[in-house]
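The next block holds one structure in the form of structure tokens; read it before the comments.
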2 protein chains.
Amino acid sequence: MEQILAAAWELARRDGLGGVSLRELADRVDLRQPSLYSYFPSKAELYDAMFAQGFQELVEERERLVLDPDPTAALRQGCRHFIEFCTRDPVRYQLLFQHSIPQFSPSERSMQISRRALTILEGWLVRAGVTDPAGLDLMRAMLLGVAGEQIANEPGGQRWVQYTDDLVDVVVEVLRRRRSGPPARSRASRKGTTNA
Amino acid sequence: MEQILAAAWELARRDGLGGVSLRELADRVDLRQPSLYSYFPSKAELYDAMFAQGFQELVEERERLVLDPDPTAALRQGCRHFIEFCTRDPVRYQLLFQHSIPQFSPSERSMQISRRALTILEGWLVRAGVTDPAGLDLMRAMLLGVAGEQIANEPGGQRWVQYTDDLVDVVVEVLRRRRSGPPARSRASRKGTTNA
DNA sequence: GTCTATATTTGGATAGAC
DNA sequence: GTCTATCCAAATATAGAC
């Protein structure tokens with residue numbers, strides 16, 4: 001079962017997520033194709049297991065991180081790890097963070113694991129003084145944006161990744177500004193906001 | 001031909017990009033399936049035409065924008081439009097900005113159109129005082145991150161979109177800091193940088 | 001350019017014996 | 001749980017007449 005999942009990841013890395021075929025998957029683990037149905041009632045459930053496993057890995061790696069005592073440094077560290085986690089395995093990134101397999105949507109059980117990962121990030125943010133829920137949204141969007149561009153345009157490189165720390169700092173700063181600063185500028189009250 | 005592309009987009013929105021079938025596409029335009037091969041030598045070329053059309057739309061919409069005289073306001077405006085452009089049509093976003101059809105990669109002709117779109121964004125940045133090439137990279141990453149999260153988690157909503165202006169400010173701020181600040185802090189020289 | 005007819009491949013999934 | 005055998009559906013693509 002573990003072997004099946006491992007082989008599925010291998011195939012996904014070679015042929016793309018959608019290109020995983022149960023026939024070849026069975027071959028890889030020395031089974032006949034129908035035998036896979038003893039493990040997964042459908043292909044969608046295979047994807048679901050991969051999804052759960054991916055987030056499980058993220059959670060475990062995050063729990064294993066030895067974080068700096070300084071909360072801001074710890075946050076930077078956690079964010080760098082996340083970017084590295086994404087770029088390390090683009091296919092996993094695709095399954096976990098892009099909804100690129102239309103016939104699959106994660107089960108409730110899998111969603112719970114993904115929420116555990118999110119909760120950890122939230123903890124880092126709170127400890128760094130970011131309590132605004134917007135902080136979580138912004139940070140996620142930013143990190144996924146950086147990871148996505150890095151993967152799409154320069155897999156394995158550093159061109160985007162190198163800015164992670166700076167981006168984290170500034171996002172924290174913006175959120176701090178929104179909290180303490182002048183009553184957050186609304187779109188309407190700002191100069192030059194009209195579109196088209 | 002125009003009709004074929006329009007029908008293809010409709011199908012893509014309904015069944016996903018990968019789910020576009022030439023049979024049904026032919027039906028929609030009152031043709032038999034093999035007749036499509038008079039228009040496109042392969043399905044990949046159909047995707048390529050859609051890709052080119054999508055970026056063509058972006059370029060034209062950008063050229064039609066009436067921008068604020070203040071360069072920073074104009075930049076924000078352009079970025080807001082981009083986010084709106086992405087969220088308006090998630091499938092188009094997927095084809096243009098995620099590489100989610102493995103068997104397709106854009107032709108040189110299509111890439112040229114996409115580069116025209118990028119050049120416009122670059123112009124906005126330069127006029128707003130961002131000349132560092134990293135500015136373009138970061139801005140793209142941020143915008144795609146926001147659009148992606150918005151589409152994935154709350155299609156049609158504003159939860160992420162509302163931070164667009166702030167993110168633009170973040171990017172500008174990061175670049176300003178790197179330009180003027182102390183000789184850009186390297187990862188190694190910073191406190192608490194060790195991972196794991 | 002468009003048609004009919006068909007080739008060819010490849011999926012996921014099921015039935016039923018062992 | 002695993003197998004053999006098979007089903008069924010769907011897809012892209014080609015051949016050749018009109």
Side-chain angles (χ1 to χ4, degrees), chain A residues 1-54 91-92 94-95 98-107 109-110, chain B residues 1-54 91-92 94-95 98-107 109-110:
Chain A
M1 168 68 146
E2 213 172 293
Q3 292 170 346
I4 294 176
L5 280 177
W9 283 112
E10 270 184 46
L11 274 179
R13 285 185 206 105
R14 201 196 59 185
D15 302 330
L17 272 177
V20 174
S21 105
L22 296 185
R23 288 180 144 76
E24 194 165 3
L25 176 55
D27 273 358
R28 294 285 186 106
V29 291
D30 281 311
L31 284 178
R32 305 295 160 185
Q33 178 251 338
S35 305
L36 289 177
Y37 283 81
S38 300
Y39 297 88
F40 303 99
S42 74
K43 195 182 179 183
E45 301 258 359
L46 170 66
Y47 285 125
D48 193 55
M50 294 170 76
F51 180 93
Q53 192 182 57
V91 167
R92 182 176 58 186
Q94 211 183 343
L95 178 63
Q98 303 186 339
H99 301 319
S100 95
I101 304 288
Q103 68 258 40
F104 152 70
S105 74
S107 64
R109 173 186 159 277
S110 296
Chain B
M1 168 69 144
E2 212 171 296
Q3 292 170 345
I4 294 176
L5 279 177
W9 282 112
E10 271 183 45
L11 275 179
R13 284 185 206 104
R14 202 195 60 184
D15 302 330
L17 271 177
V20 174
S21 103
L22 296 184
R23 290 177 191 290
E24 194 166 2
L25 177 54
D27 274 357
R28 295 285 187 103
V29 292
D30 280 311
L31 284 177
R32 304 297 160 183
Q33 178 253 336
S35 304
L36 289 177
Y37 284 81
S38 300
Y39 296 87
F40 302 100
S42 76
K43 196 182 178 183
E45 301 258 0
L46 169 66
Y47 286 125
D48 193 55
M50 294 170 77
F51 181 93
Q53 193 183 54
V91 167
R92 181 177 58 188
Q94 213 183 342
L95 178 63
Q98 303 185 338
H99 302 317
S100 93
I101 304 289
Q103 68 257 42
F104 152 70
S105 74
S107 63
R109 173 186 159 278
S110 296

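Throughout, protein chains are lettered first and strands after them, A, B, ... in sequence-line order, and every chain is numbered starting at 1. Atom set for the values below is all heavy atoms of this structure, side chains included, hydrogens, waters and symmetry mates excluded.
In plain terms, the two heavy atoms of A:P106 and A:S110 that are nearest each other are CB-CB, 4.2 Å. A pairwise comparison of heavy atoms in A:A52 and A:R109 identifies CB-NH1, 3.8 Å as the closest pair. Closest heavy-atom contact between A:K43 and A:V20: NZ-O, 2.6 Å.
The outermost nucleotides of DNA chain D lying under 4.0 Å from heavy atoms of chain B, listed 5' to 3', are D:dA11 to D:dT14.
Looking at B:F40 and B:L22, their side chains never come closer than 4.5 Å, going by heavy atoms from C-beta outward. Side-chain atoms of A:L46 and A:L36, non-hydrogen and from C-beta on, never get closer than 4.5 Å to each other. Side-chain contact between A:L5 and A:Y39 is absent, with no heavy atoms from C-beta onward closer than 4.5 Å.
Remark: B:Q103 CD is packed, more than 12 non-hydrogen atoms of other residues, nucleotides or ligands lying under 6.0 Å away.
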Protein N or O to nucleotides 12-15 of chain C N or O, pairs below 3.5 Å:
unit_1	atom_1	unit_2	atom_2	d
C:dG12	OP1	A:V20	O	3.2
C:dG12	OP1	A:K43	NZ	2.7
C:dG12	OP2	A:L22	N	2.9
C:dG12	N7	A:R23	NH1	2.9
C:dG12	O6	A:R23	NH1	3.3
C:dG12	O6	A:R23	NH2	3.2
C:dA13	OP2	A:Y37	OH	2.6
C:dA13	OP2	A:K43	N	3.2
C:dA13	O5'	A:Y37	OH	3.1
C:dA13	N7	A:Q33	NE2	2.7
C:dA13	N6	A:Q33	OE1	2.8

